[in-house]
Number of protein chains: 2
Amino acid sequence: MTPAQLLEGILQGEPAVQRRAVAKAITLLESTRADHRLQADALLTAMLPHTGKAFRLGISGVPGVGKSTFIETLGLYLISQGLRVAVLAIDPSSSVSGGSILGDKTRMEHLSVHPQAYIRPSPSSGTLGGVAEKTREAMLVCEAAGYDVVIVETVGVGQSETAVNGMTDMFVLLQLPNAGDDLQAIKKGVMELADLVVINKADIDKNAATRAEAQITSSLRLLGMHGNPDHATHGALWQPRVLQISALLGQGVEAFWQAVGKFREMQTANGRLAARREKQALAWMWERIDAGLKLAFRQHPQVQALLPQTLAAVTEGRLPASTAARQLLAAQSQPSFPGAPQ
Amino acid sequence: MTPAQLLEGILQGEPAVQRRAVAKAITLLESTRADHRLQADALLTAMLPHTGKAFRLGISGVPGVGKSTFIETLGLYLISQGLRVAVLAIDPSSSVSGGSILGDKTRMEHLSVHPQAYIRPSPSSGTLGGVAEKTREAMLVCEAAGYDVVIVETVGVGQSETAVNGMTDMFVLLQLPNAGDDLQAIKKGVMELADLVVINKADIDKNAATRAEAQITSSLRLLGMHGNPDHATHGALWQPRVLQISALLGQGVEAFWQAVGKFREMQTANGRLAARREKQALAWMWERIDAGLKLAFRQHPQVQALLPQTLAAVTEGRLPASTAARQLLAAQSQPSFPGAPQ
């Protein structure tokens, strides 16, 4: 299919046709073949005017916190409200493990077979930046296909929370009720990203959940002073908050969605939703440029020829680091002659 | 003076000659002229075998915490122990304010005139990366000149603590006794860097200082679990600790230096001092390469020609961020013809 045909299928196909077009488009975007990449860029650009209407919800939490159950419960609730839901994932470990845990559709057995839902596992190739790029582009496909809510989840490996936060309108952190231990299990900087913290499995120990709520609320207040710049200016601003829910029992899901609605309303009114998306797009562009520059540098024949001895000299203290950097940069800027002795 | 003459002066000059050679060398390293840069690289490389013997001590803390008094008291104490002391600074704000507060030698009136001490204000040009590079190179000059302790201080603007931590053997964070408020005044991630936290001005309120010590100690323990990877492996490892001192009254300075000695001893025995320096040198090299790649990209004529319209298209949602990145990267890899219409 040509990009134009794919776009047509995404925009106006009847359900089965659309679902197939969405899947094909995402597969095209994930391809690393150069000709596919050109088609993918054409598709993306043509698709862009039809994107941006969905709410982009990022969800993170350590393994065991109940993300799948939460997303399944939330997804089915949203469908019951007449909304269509897409679930994407960023799992940079999936390329190592040879298959994403997030690809296991049995995790969300009811949601995954629902005609109003679309679930796509994490792309499983390359660096976090590469995986995130493909997920970001898949999100645009889902938006163009008219999904109202796009959920991007991550298991929190490496810097994946930052990547998810960098492509969503709202970042939700799932926590367990055992606050003390749990606070320690969060990686540095992740709590600062949260627009909303959800204490899941609150039914297991109500007292612990309430203690956790108090503790996390006070942490968020502390972090807010020097935290996420998205929370730090004037106007009617959203204050990060904490909710207790039990996804398994379906308790608190409605209150959660009300909080999301309130967030969306405030962020739209104060202009921060649009500002955040604009900032994300530019940050994303520069991030991909940096990645491309680094890749081109490391693949340059003169750099590859010089690098081993340079690294050894720096490691052994024979060459100053800044001099080494200048030498390697100079090597890259020399014209390279394929086949010349290196 | 040629690099060889400068090196000779640095290594073996009598005090006045050496001091002049050190100053001239640092000025050469700070120069942005291309011919100076070549000489500077030659000097650095020739100097490298004579470096590495000093202990590199990073010191940070918010304005008002008493850094100058602390460094003056410590410096004079070290000189009384037969050691020579160099004090350098990283103040990326100095290029904005048009003159470094750290250049004000009256801040350390006794230390600054002492023949066994060398104080150099922050370089005042360019980005944090550029300022840090010059300070890092100045540190090597001081080491070659035989200074036993090189103190690198920062006022903590932007990411300057990370830069100081990235070039020193030990990172010390100065704090005030009012722990609660003060903990909030620390930027995210800075506490995690600290090998030692010093509560200065402990004489003002002994009770507050003791409460602060307990609170910070418990924070450090919490952070240690997921914090600085330099503290996270097996073997006889240094545990970050907290000390109370009063630099003004000279109380606790000896205990501070004993703690530093203990740190140095443990880090030398478990191999982490050498590993940290090696890691720093490589990280530094890559950091400078990244900075160089970005600069070359932004200065490329084709990129400069395309950038304004590309930024506008991404900002206005007409062009996908990842496509924009690919277009700009492609623009840079095209040969550029000076004088061609842009």
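Hydrogens, waters and symmetry mates play no part in the numbers below; they use all other heavy atoms, side chains included.
Considering every non-hydrogen atom in both A321(A) and A281(B), the closest pair reads CB-O, 3.2 Å.
Put simply, of T45(A), V314(A), D41(A), the one with the most heavy-atom pairs under 4.5 Å next to chain B is D41(A). Heavy-atom pairs under 4.5 Å with chain B were tallied for A40(A), G52(A), S322(A), G292(A); the largest tally goes to S322(A). Options L329(B), L328(B), T310(B) differ in how many heavy-atom pairs under 4.5 Å they form with chain A, and the most are formed by L329(B). Options L311(A), D290(A), T51(A), L319(A) differ in how many heavy-atom pairs under 4.5 Å they form with chain B, and the most are formed by D290(A).
The contact between E137(B) and chain A is made entirely by side chain atoms (from C-beta outward), counting heavy-atom distances below 4.5 Å. Proximity to chain B involves both the backbone and the side chain of I289(A), based on heavy atoms less than 4.5 angstrom apart. Interface remark: L44(A) contributes backbone and side-chain atoms alike to the contact with chain B (heavy atom separation under 4.5 Å).
The distance from atom CE of M285(B) to atom CD of Q327(A), rounded to the nearest 0.5 Å, is 10.5 Å. Here L293(A) contributes atom CG and L295(B) contributes atom CG; the two are 11.0 Å apart, rounded to the nearest 0.5 Å.
A salt bridge does not link K294(A) with E287(B): none of the charged nitrogens is closer than 4.0 Å to a carboxylate oxygen.
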Can R326(B) and R37(A) be said to form a side chain to side chain contact (heavy atoms under 4.5 Å, CB included), step by step?
CA-CA 10 Å; R326(B) 281 187 285 271; R37(A) 195 62 254 178; 2.6 Å; yes
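Applying the 6.0 Å contact sphere to CZ of R298(A) captures no more than 12 heavy atoms from other residues, nucleotides or ligands.
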